[in-house]
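Notes for the one structure printed next.
Throughout, protein chains are lettered first and strands after them, A, B, ... in sequence-line order, and every chain is numbered starting at 1. What's counted below: heavy atoms across the whole structure, side chains too, no hydrogens, waters or symmetry copies.
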Amino acid sequence: MTRTVYELSEAIRIAFAQIYANKLRSALTALGVIIGIVAVTLMGTAILGIDAGVERSLAGFGDDVLYVTKWPWHDISDWWNYRNRPEISTDYAQPVNDWIAEHPEGPLKLAVPAAAWNATIVRGEYKVSNIFTLGTSADLSRVVRSDMKEGRFFSEIEGRSARNVVVIGFDVADALFPNESPLGKMIRIRDQQYSVVGVAARQGSFLGLFSWDSMIIMPLDAFARSFPLRWADPEIRVQVDLARMDEAKDELRGIMRRVRKLGPEKRDDFEINSQQVIREQIDPIKQKIALAGLFITGLALFVGAIGIMNITYVSVKERTKEIGTRKALGARRRTILLQFLIEAVSICVLGGIGGLTMAWGMASVVGAIMPSFPLVFSTGLVLIGLFASVATGVFSGFAPAWQASKLDPVVALRYE
Amino acid sequence: MLIVEILRLAFSSLTSNKLRSGLTILGIAVGVFSVIGVMTLINGMRSSIESGLNVLGANSFQVSKWPPINFSDPRERFRNRRDITYPVASHFKELIGDSARINFVIGRGGQTVIYRDRRTNPNVLLLGTDENYITAFNYDVAAGRNLGPDDVEYGRPVCVLGADVVQRIFPDEEALGRLIRINGQNYTVVGLLAVKGTMFGGSQDNRVITPITRFLAIYGRAFRSISINVQAPSQAELAATQEKAVGMMRLARGLHPEDFNDFEVFSNESLIEAFNKIADVVAAGALIISAIALLASGVGVMNIMLVSVTERTKEIGIRKSIGAKKRSILTQFLAEAVALSLIGGVAGVAIGVGGGNAVAMMMSMTITFPWMWAGIGMLVCGGIGIVFGLYPAWKAASLDPIEALRYE
């Protein structure tokens, strides 16, 4: 035991003495690793960033919400089979809520009707167009997990009595009310005036994916005054018990079939969507990007590894005589192997630490210049980076170290 | 003579350290592979998308209300433009006269073609057009005849069927001369189009063409805008024709000199150009990422050359003391570095082109050999040899012969 510890500490001491003795060579070797680690780590941050951006956008949908719609969210090639389905009526929320009241222990929790239209919003001389305008009931505030920056969500009474009140997203507030609070102020959509009761907290957007920041929410009946409900993609959002998702889907399907009065032989004429559908479409793309990116940057790390292997071979060759002497004095094969392996690994770890520091610096700079691109620099990534550099060292140092350990002391001592 | 000597020296020292040279070359090869592989793949994607964008016939361009590809401008910018109506289009045709071939197209999607008890899915595109449609959009007539000028003039209820429609409703039956029904209107089949294939996964054969006069008589204009295809007599006259067409279109639309064009003009080339703007950004990003490995391999070359100089200090001392000039030592080591890089480069180009095309083939894209990138790859390799070999070579060349001879 003590011998192993002694061998190890001796090997580390020799390794660092070697690195110090050949400063330029070690630095250049480490540089190869640094380039590789920087590339891989930055690619990792970008991939994690894309992940985070997608997650942030999906959070707007809520992972515990089912959407009852006419059209499925996934791609379909036989759209004419769906075209003649009857529209979803916003009244369907009522029977679903009745069922929930009868079954307080059921998997469904709350149903909310919703309809949406892209509208142009005017306030004085300011104007924003193509804003996602959602008409819904006051219960929506219990379904979505979004905080208010200021003000409040519209109330049950306001919802039922179809008052012209709106909750606006962060970007909309920013565009229409620069440098002032929008609360209590009026905005105009088509021929109706609405008063702003709340501003949603900033969610941030990513690659043009859906974001709460550029939308406004108003009571459904107020919405119906300005827009044709039938053409506004009416849907029912149902909050469910996340742990009993499948049960909830079946239950909701049963309720909808009863509402639609479908006979047992009829097919569903509605679709139950969840955030999962979107995720299934995005995930393969994300994986392909990640795979390609990591493969290409991994090549850089591989080149760095080749450099280390090369230099360790040189190092073994140069010190053939030293190895011979040590062996003649009784050093075991393991000791020699360990010594060269530790030399290679320490260069890699030094390079890895340098590379991670540089990558962290670059990520911070990019984050400061482009705040909209969510780079994520996590501890997991640092650990993976360090692990990758140790693995690189072992992978590339093993063959030369093995060669060194196999040297015949007689031949090695004679080597000139 | 001297060059031959330098090359001989370089290669003999490369072969004397086979393992070391081999590893360095491998590093360069991997770096070049990364660049060439990625670029081959991107080239393959580009050429398959570009060939998909070749919708229009030779020497022709299109005048329409809507732009064909629009990524940035809001829809509103184009929505408020006036539709191109039949009178405006006819006026335009008169103004152009004989200097170019003109073709009008107006269409309705989602139609069902019915023949007796057989019917297509409700996704057939019905186009009202004229006899020049076939040349304007690169179609061929497989059987029967094309629409004729008199069909258009008299608004005859005739049609030419796309290959998909024929396959669907006349699977093993002569289609010519039959009466088909679309939207309650009967049309006599006078011709069949040859298969054109798909674009971006969408079939271009699932369509029926009929005289535009008939189409307008049945459906009216119904908020649709006519697209005009103009075919110049030759490539040389394309630019002049396009200029003339823009002027005549402005005249037909009654635009004032200060008004902007309220229509779009585009050709295959302009479509590809618009697409290339995006592809260039992607390619630049991929180039930077894939070149990182090349940089790492350059560092490897420099390191190995430094080792080589240190090991051969004595040899350099001897050469210098018997009269070798500084320049010849420098060239000797530079040649060694460049040789290393170039050999690696050749290997990398070979693997890269092979690998990139293999992936492109798996994704069923066009196979290309990126001559330009192969050439650039070799140039860059030479450059890497020079840049990263320069410092070690310079170090060797400026050794003091006395010190070098004494080196142990």
Inset, instruction - Tell me, yes or no, whether the heavy-atom count around A:Glu318 atom CD, taken from other residues, nucleotides or ligands under 6.0 Å, exceeds 12. - result: yes
Inset, instruction - State, to 0.1 Å, how close B:Leu23 and A:Ile306 come at their nearest heavy-atom pair, and which atoms those are. - result: O-CG2, 3.1 Å
Inset, instruction - Measure B:Ile289 against the heavy atoms of chain A and call it side chain, backbone, both or neither at under 4.5 Å. - result: both
Inset, instruction - Determine whether B:Tyr391 and A:Leu24 make a side-chain contact, defined as any pair of heavy atoms from C-beta on separated by less than 4.5 Å. - result: yes
Inset, instruction - Could you tell me whether B:Tyr115 atom OH has more than 12 heavy atoms of other residues or ligands within 6.0 Å of it? - result: yes
Legend entry - Residue pair A:Ile35 / B:Ile292, side-chain heavy-atom distance below 4.5 Å: yes
Inset, instruction - Could you check if a side-chain atom of A:Arg25 sits within less than 4.5 angstrom of a side-chain atom of B:Asn303, using non-hydrogen atoms only? - result: yes
Legend entry - Flag if over 12 foreign heavy atoms under 6.0 Å of CH2, A:Trp71: yes
Inset, instruction - Give a yes or no on this: more than 12 heavy atoms of other residues, nucleotides or ligands lie within 6.0 Å of atom NZ of A:Lys286. - result: yes
Inset, instruction - Find the one option among B:Leu26, B:Ile28, B:Val301, B:Thr310 whose heavy-atom pairs under 4.5 Å with chain A are most numerous. - result: B:Leu26
Inset, instruction - Please check if atom CZ in B:Arg181 has more than 12 non-hydrogen atoms from other residues, nucleotides or ligands closer than 6.0 Å. - result: no
Legend entry - Results of salt bridge (Lys or Arg N to Asp or Glu O under 4.0 Å) for A:Asp233 - residues two or more places apart only: none
Inset, instruction - May I ask you to check whether over 12 heavy atoms, not counting those of B:Arg108, lie within 6.0 Å of atom CZ? - result: yes
Inset, instruction - Provide the closest heavy-atom pair for A:Val314 versus B:Glu311 in the form atom of the first, atom of the second, distance. - result: CG1-OE2, 4.5 Å
Legend entry - For chain A, the option from B:Ser34, B:Pro122, B:Ala286, B:Gly300 that forms the most heavy-atom pairs under 4.5 Å: B:Pro122
Inset, instruction - Hey, could you give me the CD1/CD1 distance between B:Ile288 and A:Ile296, rounded to the nearest 0.5 Å? - result: 12.5 Å
Inset, instruction - With the side chain counted from C-beta on, respond yes when A:Lys317 and B:Asn17 share a heavy-atom pair under 4.5 Å apart, and no when they do not. - result: yes
Legend entry - Between B:Thr24, B:Val38, B:Leu19, B:Leu295, the one whose heavy-atom pairs under 4.5 Å with chain A are most numerous: B:Leu19
Legend entry - A:Tyr82 OH: over 12 foreign heavy atoms closer than 6.0 Å: yes
Legend entry - Minimal non-hydrogen separation, A:Gly32 against B:Ala296, with atom names: O-CB, 4.3 Å
Inset, instruction - Would you check if A:Ile311 and B:Ile304 make a side-chain contact, meaning some heavy-atom pair closer than 4.5 Å? - result: yes
